[in-house]
Amino acid sequence: MNDRREDPVVITGLGVEAPGGIDTAEQYWSLLADGREALSTIPEDRDWAVRELIEGSHRDGFKPICNAGGFLSGAAEFDPGFFGIAPREAMAMDPQQRVALRVAWRALEDAGINPDELTGHDVGVYLGASVTGYGPDMAQFSAHSGHLLPGTALSVISGRIAYTLGLAGPAITVDTSCSSALSAMHLAVQAIQTGDTDMALAGGVCVMGSPGFFVEFSKQHALSDDGHCRPYSAAATGTVWAEGAGIFVLQRKSAALRERRHIYGEVMASRLNQDGHTTGLLTPSEQAQQRLFRRALADAGVQPSQVGMIEGHGTGTRVGDPVELRSLISVYGTDTTADAGSRLGSVKSNIGHTQAAAGALGLAKVLLAAEHQAIPATLHVHDGWHDGIDWDGHGITLAETITAWPASDGRRIGSVSAFGMSGTNAHLIVGVDEVSGVAPC
């Protein structure tokens, strides 16, 4: 690992799916650059009792559920024959397996790699995902019996990709709740650095198999009142659940250059830690987040003011956002000069909280922003910044409008955070070298 900086891990392929019918990086960037919101009502084609769900939340002890979220329009669409899967088996597969499989395929194609030519190669798969309630009870005899165990097991989300492509590297599914995607990225980077694998597919996926998350957060009074996610805003009333996927191709820089691949960015640092004991199981730790940021910056060898874009966790909750803001200000808000500092935002204002995939879609936003030399606006900032936070005298500003992102010494550096209810915190720092001939947005 002593050659980590001499031959760093780089990102050479990118695949995404996001609410609003988005399934390409170009569509994703257009959504961000235009400052659009991709939320909708709960789909009626999933056999969810939507009316009963909404009405049931109006009982004592619960917060009314707003009929809104960020949903994948193609979650139910899948071509099993293309991947050599029988239709009956495909029906029993968690949609997260289906979405992850096709997004991984697109990521490889984006890297200029023919997926069919990877059989037997030391390529690993590291994916963040969580159980979302898909499928019938396995204890009930049905037409799907025999396929339900592999169809709904978390381990098979990564394993399905490895099996379909014939990959010989490790296949690991990571569940640290909402930090899962960045936790998976961290493991993938380490695996390449230590030689466990030559290349890796890494990221996260979330497709809600049931409306259970809505019920749980209704009881916790942590859902948005009106179906809009307002990260870091005084008007924030809770989060908005969403779905999505982001998968990246990772390899050594020397290999990427030798194979003449497009490099989206270099992973300068990746860090994980844990909240430990706090005032409650789901309560984040300001001290843990500060330690995480400092260690990642030290690993990357950069000063806070060199990080031009911070893609925060920013769920729009009244407990989590203030803790994150204080942590960021304590570590990143050290440079008070007028022309320095970082722009902070969260893609959750556009697409909602994609849970296990959140960090991956945040990372995709940073990479595309660097490529287009512009930092997209975070929506709803004009509602007013979060109360109780001293916004004066530090080097962080909220991204209220799309803003040019100039390079510093030929490079743009951005960071991404993701915090899980498990207490696992993740922070990734990427550097993107300036490419001549790319016009700013």
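How far CD of Q355 is from CH2 of W241: 5.0 Å, rounded to the nearest 0.5 Å. Of the inter-residue distances, the one linking L187 atom CG with I192 atom CD1 reads 11.5 Å to the nearest 0.5 angstrom.
Counted within 6.0 Å of CD on Q303, heavy atoms from surrounding residues, nucleotides or ligands total 12 or fewer; the atom is thus considered open. Around the CD atom of E216, the shell of radius 6.0 Å holds no more than 12 heavy atoms that belong to other residues, nucleotides or ligands. The local environment of CG in D45 is crowded, with over 12 non-hydrogen atoms from other residues, nucleotides or ligands closer than 6.0 Å.
Taking the side chain to side chain donor-acceptor pair (under 3.5 Å) definition, one finds that D23 meets it with nothing, sequence neighbours left out. Scanning for side-chain contact (heavy atoms from CB on, under 4.5 Å) contacts around A356 gives S130, S180, with sequence neighbours left out. Contacts of K348 classified as salt bridge (Lys or Arg N to Asp or Glu O under 4.0 Å), with partners at least two apart in sequence or in another chain: none. V240 meets the side-chain contact (heavy atoms from CB on, under 4.5 Å) test with L39, S224, C229; sequence neighbours excluded. Residues satisfying the side chain to side chain donor-acceptor pair (under 3.5 Å) criterion with Q251, sequence neighbours excluded, are T12, E259, R261. Annotation: salt bridge (Lys or Arg N to Asp or Glu O under 4.0 Å) contacts of E286 (sequence neighbours excluded): R326. Annotation: side chain to side chain donor-acceptor pair (under 3.5 Å) contacts of Y28 (sequence neighbours excluded): none. For the salt bridge (Lys or Arg N to Asp or Glu O under 4.0 Å) test, no residue two or more places apart in sequence or in another chain qualifies with E37. For the side-chain contact (heavy atoms from CB on, under 4.5 Å) test, residues two or more places apart in sequence or in another chain that qualify with A418 are S179, L182, H313. A search for salt bridge (Lys or Arg N to Asp or Glu O under 4.0 Å) contacts involving E17 returns R102, R106, not counting sequence neighbours. Every side chain to side chain donor-acceptor pair (under 3.5 Å) that S415 has, sequence neighbours left out, goes to Y332.
Using cut-offs of 30° and 60° for the angle between ring planes, the F419 and F293 rings count as tilted.
Between T317 and T239, the side chains place no donor N or O within less than 3.5 Å of an acceptor N or O (distance only, hydrogens not considered).
T176 contributes no side-chain N or O that, together with a main-chain N or O of G420, makes up a donor-acceptor pair within less than 3.5 Å.
Counting all heavy atoms, side chain and backbone alike, G13 lies closest to A111 at CA-CB, 3.8 Å. Across every non-hydrogen atom of A202 and L250, the tightest pair is CB-CD1, 4.0 Å. Heavy-atom minimum distance, M268 versus V430: SD-C, 3.9 Å.
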Can you list, pair by pair, the side-chain donor-acceptor contacts under 3.5 Å of residues 63-75, counting residues two or more places apart and other chains?
| from | atom 1 | to | atom 2 | distance (Å) |
| --- | --- | --- | --- | --- |
| K63 | NZ | L223 | O | 2.5 |
| K63 | NZ | D225 | OD1 | 2.8 |
| K63 | NZ | T237 | O | 2.9 |
| N67 | OD1 | I42 | N | 2.8 |

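Counting heavy atoms from C-beta outward, F83 and R160 have side chains that stay 4.5 Å or more apart. Side-chain contact between F78 and P95: absent, with no pair of heavy atoms (C-beta onward) separated by less than 4.5 Å. Side-chain contact between M93 and I85 is present, with at least one heavy-atom pair separated by less than 4.5 Å. Put simply, the side chain of I11 reaches to within 4.5 Å of the side chain of L363, judged on heavy atoms. Counting only heavy atoms from C-beta outward, the side chains of V16 and V103 never approach each other to under 4.5 Å.
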Inset, instruction - Begin with the C-alpha distance, continue with both residues' side-chain angles, and end with the deciding distance and a verdict on side chain to side chain contact (heavy atoms under 4.5 Å, CB included) for S30 and R36. - result: CA-CA 9 Å; S30 177; R36 290 184 281 118; 3.3 Å; yes

